[in-house]
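Encoded as structure tokens, the structure appears first; notes follow it.
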Amino acid sequence: MTDQGSSIDPTTPSIARVYDYLLGGKDNYAVDREIGDVFKRDLPGSVAIAFANRAALIRAIAQIATTTDVRQFVDLGSGLPTADNVHQVAQRHAPESRIVYVDTDPQVLVHGRALLEQNERTRVVMADVRNPAEVRNHPDTLELIDFDRPVAVIFSAVLHHVNDDEDPAGIVRYWRDRVPSGSYFFVSHFRSGDNPETEEAEQILQRTFGRGRWRTDAEIAALLEGLDILEPGIVPAPLWRPDTVDSLWSDGGERELTVWEQLIVAALARKP
Ligand code: SAM
């Protein structure tokens with residue numbers, strides 16, 4: 001593992017733990033809840049965004065597992081274990097699916113080992129998505145993923161934690177160029193509303209974590225360059241194939257979206 005020198009720091013807020021708090025999880029400390037409460041107070045849609053994102057991710061994994069032959073997943077910035085994790089969704093539909101979870105947060109490694117590595121077909125790798133070669137060539141990744149066969153590469157709510165000068169498009173390109181045709185890319189991303197709410201949201205993220213970008217639709221589309229974006233395109237997460245598969249948090253997409261739910265978008269793309 002690449003976890004030397006890392007340890008859980010309960011005095012500094014972590015993205016993974018604040019997100020866990022917003023989703024109603026218990027793997028967080030006072031310092032995370034404090035920031036989570038700032039989000040809830042100043043950005044009242046934060047919880048809706050977190051749930052809408054998670055629900056779209058679950059639908060996308062089920063979509064891949066039920067409609068394609070892809071049986072291997074690399075989940076980049078996977079987060080803490082929650083209600084319905086990628087391996088549970090994929091293996092529910094296709095039990096032979098193999099999943100590598102990747103996150104920088106040491107707590108993900110600790111909890112992930114217990115909760116995500118539930119079978120021979122899942123691994124948790126502690127590595128930084130900004131160093132894709134380290135993730136791709138990690139022994140645990142290579143043990144599970146056959147890069148000669150199509151892979152599903154998951155960037156769920158992680159690329160908006162990569163600043164522009166850290167080249168998020170280059171990270172996606174790295175993976176795009178190293179997986180075979182027929183591989184899938186799922187991306188969900190904070191979408192700029194060009195309004196005071198998203199400007200403030202970006203400021204809170206930058207202040208707290210030193211990174212965080214709410215990108216425009218054009219900027220998000222540019223991250224997927226060279227890939228075919230599948231129907232329904234880059235859309236607010238609740239509108240991403242709301243009724244294709246069963247999901248814990250699927251709401252059918254029937255009602256009108258809140259302003260907040262439109263501020264997280266999802267897309268599934270395929271390498272031609
Ligand atoms: N993918 C999960 C989901 O969509 O429900 C979790 C999303 S959570 C908002 C973002 C996760 O990305 C956190 O667990 C955080 O630790 C992780 N993360 C942020 N920057 C990262 C990086 N550079 N490398 C690896 N993980 C990162």
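As the structure lists them, so they are numbered: ligands from 1, and atoms in each ligand from 1. Model, not experiment: these values are computed from the prediction.
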Q. For N53, which residues count as a side-chain hydrogen bond (donor to acceptor under 3.5 Å, both in side chains) partner, sequence neighbours excluded?
A. Y19, S188
Q) Tell me, which pairs form a side chain to side chain donor-acceptor pair (under 3.5 Å) where one or both residues lie in residues 217-234, sequence neighbours left out? A) R191-D217, R213-E219, T216-E219
Q: Look up atom CZ in F39 and atom OG1 in T208, then write down how far apart they are to the nearest 0.5 Å.
A: 5.5 Å
Q. Using 4.0 Å as the upper bound for N to carboxylate O, is an ion pair formed by R123 and E143?
A. yes
Q) So do T141 and F147 actually touch side chain to side chain, heavy atoms under 4.5 Å? A) yes
Q | Any residue meeting side-chain hydrogen bond (donor to acceptor under 3.5 Å, both in side chains) with E200, in chain and number order, not counting sequence neighbours | A | none
Q: Using a strict cut-off of under 4.0 Å between a residue heavy atom and any atom of ligand 1, list the qualifying protein residues by chain and number.
A: I15, A16, Y19, N53, R54, G77, S78, G79, D103, T104, D105, A127, D128, V129, R130, S156, A157, V158, H161, R211
